[in-house]
Amino acid sequence: QVQLVESGGGLVQAGGSLRLSCAASGRTFDFYYLAWFRQAPGKEREFVAATRWSGGNTYYADSVKGRFTMSRDNAKNTGYLQMNSLKPEDTAVYYCATGFLSDPRDTEYPYWGQGTMVTVSS
């Protein structure tokens with residue numbers, strides 16, 4: 001089993017920045033993906049970004065490409081999502097997830113964090 005704990009959410013003005021953290025504990029593997037999803041009230045959960053713990057290609061949703069950046073500190077078993085140039089439409093609960101999937105954009109991850117709220121004011 002893997003446990004994920006997210007932090008770093010909050011309230012920011014449009015154009016501002018936040019960095020979300022996802023701390024992992026338990027059994028993980030270097031081929032697992034680390035992914036970020038978000039869900040706004042009344043909307044479906046949507047893919048944001050993903051990468052392997054071992055490195056390689058990073059995937060971003062078109063809506064965040066050029067503004068959000070993933071990074072990792074494997075010694076701390078922690079992943080990060082740097083969010084710049086935030087827009088009101090980025091307002092959502094953000095979740096991290098990890099597991100072994102053929103397509104990292106899929107929602108069928110076995111392990112999820114509790115979510116952290118990001119609110120962007122206009």
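Hydrogens, waters and symmetry mates play no part in the numbers below; they use all other heavy atoms, side chains included. A quick note: this is a predicted structure, and the numbers were derived from the prediction, not measured.
Using a 4.0 Å cut-off between charged side-chain N and carboxylate O, Asp90 and Lys87 make no salt bridge.
A distance of 9.5 Å separates CG of Leu11 from CE of Met117, quoted to the nearest 0.5 Å. Atom OH of residue Tyr32 and atom CZ of residue Phe100 lie 9.5 Å apart, to the nearest 0.5 angstrom. A distance of 6.5 Å separates CD in Gln1 from CD in Gln3, rounded to the nearest 0.5 Å. Here CG of Asn74 is found 9.0 Å from CG of Asp30. Values are rounded to the nearest 0.5 Å. The distance from the OH atom of Tyr111 to the SG atom of Cys96 is 14.0 Å, given to the nearest 0.5 Å. Taken to the nearest 0.5 Å, the OG1 atom of Thr51 stands 5.0 Å off from the CZ atom of Arg72.
Both Trp112 and Tyr59 belong to a single network of hydrophobic side chains, linked directly or stepwise wherever heavy atoms of I, L, V, M, F, W or Y lie under 4.5 Å apart. Hydrophobic clustering (side-chain heavy atoms under 4.5 Å, transitive across Ile, Leu, Val, Met, Phe, Trp, Tyr) keeps Tyr80 apart from Leu18. Trp53 and Phe29 end up in the same hydrophobic cluster when Ile, Leu, Val, Met, Phe, Trp and Tyr side chains are linked at under 4.5 Å. A single hydrophobic cluster is seen to contain both Val2 and Leu34, as judged by linkage of ILVMFWY side chains at heavy-atom distances under 4.5 Å, directly or through other members.
Gln114 contributes a side-chain N or O that, together with a main-chain N or O of Glu6, makes up a donor-acceptor pair within less than 3.5 Å. Gln82 contributes no side-chain N or O that, together with a main-chain N or O of Arg19, makes up a donor-acceptor pair within less than 3.5 Å. Asp106 places no side-chain N or O within donor-acceptor distance of the main-chain N or O of Glu108, the cut-off being under 3.5 Å.
When all heavy atoms of Ala97 and Leu4 are compared, the pair lying nearest together is CA-CD1, 3.7 Å. Contact detail for Tyr33 and Tyr109: the closest heavy-atom pair is CB-OH, 3.6 Å. The two atoms that bring Ser17 and Ser85 nearest to each other are OG-N, 4.3 Å, heavy atoms only. Minimum heavy-atom separation, Ala40 to Ala92: N-CB, 3.8 Å. Nearest heavy-atom pair, Thr98 versus Pro110, reported as atom, atom and distance to 0.1 Å: O-CD, 3.5 Å. Nearest approach of Met70 to Tyr60, heavy atoms of both residues: N-OH, 2.9 Å.
In this structure, Val48 and Tyr95 have side chains that are not in contact, with every pair of non-hydrogen atoms separated by 4.5 Å or more. A heavy-atom distance below 4.5 Å is not found between the side chains of Asn57 and Arg52. In this structure the side chain of Arg38 reaches within 4.5 angstrom of the side chain of Val64, judged on heavy atoms.
Between Phe68 and Tyr94, the ring-plane angle classifies as tilted under the 30° and 60° cut-offs.
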